Asks: 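This is the structure, below, for whatever I ask next.
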2 protein chains.
Amino acid sequence: MVVKDALSRGAVLDAATELVRAHGPGALTMRRLAAELGCAVTAIYWHVGNREALLDELVARTVEELGEIRAEGRTPAERAESVALALRRKLRARPHLIALVHERGLTELMMLPAQRALVHEAHAAGLRGTAAAEAVRALQFQIVGFVLVERNRERAPAQYPGEPDLWTAETAEQDPELATSFAAAPDLDTLFRTSVRGVISSLWEGDR
Amino acid sequence: MVVKDALSRGAVLDAATELVRAHGPGALTMRRLAAELGCAVTAIYWHVGNREALLDELVARTVEELGEIRAEGRTPAERAESVALALRRKLRARPHLIALVHERGLTELMMLPAQRALVHEAHAAGLRGTAAAEAVRALQFQIVGFVLVERNRERAPAQYPGEPDLWTAETAEQDPELATSFAAAPDLDTLFRTSVRGVISSLWEGDR
DNA sequence: ACCTGAACACCGTTCAAGT
DNA sequence: ACCTGAACACCGTTCAAGT
């Protein structure tokens with residue numbers, strides 16, 4: 001039996017988070033939220049202002065959650081890689097909320113704790129000044145960009161025509177192995193790790 | 001004096017494209033579009049079905065426009081880089097429409113002509129099979145990811161606290177030059193060119 | 001302090017009716 | 001074939017009114 005507690009700001013935010021996490025921001029309508037909470041639509045306004053303010057609050061919570069990042073491993077390169085992997089995992093766990101953070105232009109703020117951790121490892125690797133800043137920024141772009149691309153790919157419905165349809169042996173300029181590679185879905189974990197390691201090895205421990 | 005032509009499918013699509021290009025998909029309401037065209041709201045439905053079908057049509061047009069890609073330069077590496085630069089330029093020229101392509105999961109299809117051009121250059125550089133496919137895919141992720149990240153950055157409103165606020169000499173672990181670097185906005189053109197060249201040089205003409 | 005229902009100005013879409 | 005206006009089911013939001 002559900003005991004109906006008094007409505008509270010926290011309860012509104014939790015219910016809203018659940019709706020957005022499960023079905024995306026489009027599913028968050030004030031009327032649906034009110035139905036979920038068993039209150040009048042307008043009661044929500046008393047607690048959180050309006051829909052925009054509600055979303056702002058969810059975004060703020062997400063930024064906080066992304067802030068909890070710490071490096072693991074022995075060498076600076078290993079520790080930087082661990083930050084990259086942890087970041088990707090956290091970003092992927094809440095795609096809709098991350099998209100809201102992006103929309104509000106708060107990615108930079110969200111990434112700051114990770115940026116700090118990466119700067120620490122760049123320093124440990126002997127990088128200083130502009131070189132350190134550029135290495136960290138390149139890696140940040142790499143990580144965030146990768147997650148954005150793969151999220152898009154996952155969300156993608158069955159595509160026609162898609163890579164498997166278009167990459168036959170013929171179109172691949174007499175390279176059947178290449179056609180086979182493109183026909184299969186890429187292993188994103190490997191692709192991410194490889195490209196991150198590439199950036200780290202060339203900028204962290206490259207020729208200097 | 002504006003002569004009112006008969007309404008046509010093309011006119012509807014052009015007006016819709018203009019609205020989306022200028023103010024984003026949120027600005028595309030059937031009522032506003034009708035006002036723009038000087039017709040009844042429902043006349044639009046006769047020509048293009050409904051709002052979703054209209055957006056699908058805009059997306060299809062965008063995919064076609066992105067298909068016109070050709071490589072320039074002498075060496076395969078130069079030509080691959082020219083594809084990357086052209087792609088970034090095209091993607092940046094129509095951010096709202098590209099976002100719609102992403103939403104509909106058609107990025108893969110949109111990228112195919114560029115992918116073909118890159119495969120050609122990978123082959124010219126002597127790469128074959130899986131190695132060629134992986135090199136091309138890594139570069140694709142790099143390009144699309146970069147554009148997604150920089151678009152987000154541009155859209156970002158003034159952030160508080162932002163990088164300039166948070167990166168003082170103190171927080172930068174006694175590295176004032178690093179603090180200065182983070183306080184300034186990155187040169188995105190340079191950052192893009194550098195990271196693309198990194199990927200190309202390591203995968204196209206790397207140690208093999 | 002907290003919550004309600006009515007009302008308003010917006011949406012996209014359907015459909016019978018016009019020409 | 002092409003276009004219209006009325007109507008419907010949704011939105012977010014405001015506000016006077018209740019307790």
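Since this is a predicted model, take the numbers as computed values, not measurements. Numbers restart at 1 for each chain; the letters A, B, ... are given by sequence-line order, proteins then strands.
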Asks: Could you tell me the separation between the CZ atom of R104(B) and the CE atom of M110(B), rounded to the nearest 0.5 Å?
Replies: 13.0 Å

Asks: Roughly how far apart are R94(A) CZ and R21(A) CZ, rounded to 0.5 Å?
Replies: 6.0 Å

Asks: Tell me whether E65(A) at atom CD has more than 12 heavy atoms from other residues, nucleotides or ligands lying less than 6.0 Å away.
Replies: yes

Asks: Rounding to an integer number of Å, can you tell me how far M30(B) CE sits from dT14(C) P?
Replies: 10 Å

Asks: Does L28(A) reach a base, just sugar-phosphate, or nothing at all? Heavy atoms under 4.0 Å.
Replies: sugar-phosphate

Asks: Near R61(B) CZ, under 6.0 Å, is it more than 12 heavy atoms from other residues, nucleotides or ligands?
Replies: yes

Asks: Provide the closest heavy-atom pair for R137(B) versus F182(A) in the form atom of the first, atom of the second, distance.
Replies: NH2-O, 3.3 Å

Asks: The side chain of R32(B) lies closest to which of these nucleotides: dC3(D), dC11(C), dG12(D)?
Replies: dC11(C)

Asks: What is the distance, rounded to the nearest whole Å, between atom CG of L37(B) and atom P of dC2(D)?
Replies: 16 Å

Asks: Minimum heavy-atom separation for A84(A) and V196(A), please, with both atom names.
Replies: CB-CG1, 4.0 Å

Asks: Any base atoms under 4.0 Å from L54(B), or only sugar-phosphate, or nothing? Heavy atoms, all strands.
Replies: nothing

Asks: Atom CZ of R32(A) and atom CG of L28(A): how far apart are they, to the nearest 0.5 Å?
Replies: 9.0 Å

Asks: Could you state the atom-to-atom distance from CZ of R31(A) to C1' of dA6(C) in whole Å?
Replies: 12 Å

Asks: Kindly state which residues belonging to residues 40-50 of chain A come within less than 4.0 angstrom of DNA chain C, counting heavy atoms of the residue only, listed by number.
Replies: A40(A), T42(A), A43(A), W46(A), H47(A)

Asks: Could you spell out the base pairing of DNA chain D in dot-bracket, with Watson-Crick or G-U pairs whose two distances are under 3.5 Å, [ ] crossing and | to another strand?
Replies: ||.|||||...|||||.||

Asks: When the distance from CZ of R9(A) to C1' of dA1(C) is rounded to whole Å, what number comes out?
Replies: 16 Å

Asks: Indicate whether the side chain of Q142(B) and that of S195(A) have a donor and an acceptor atom separated by less than 3.5 Å.
Replies: no

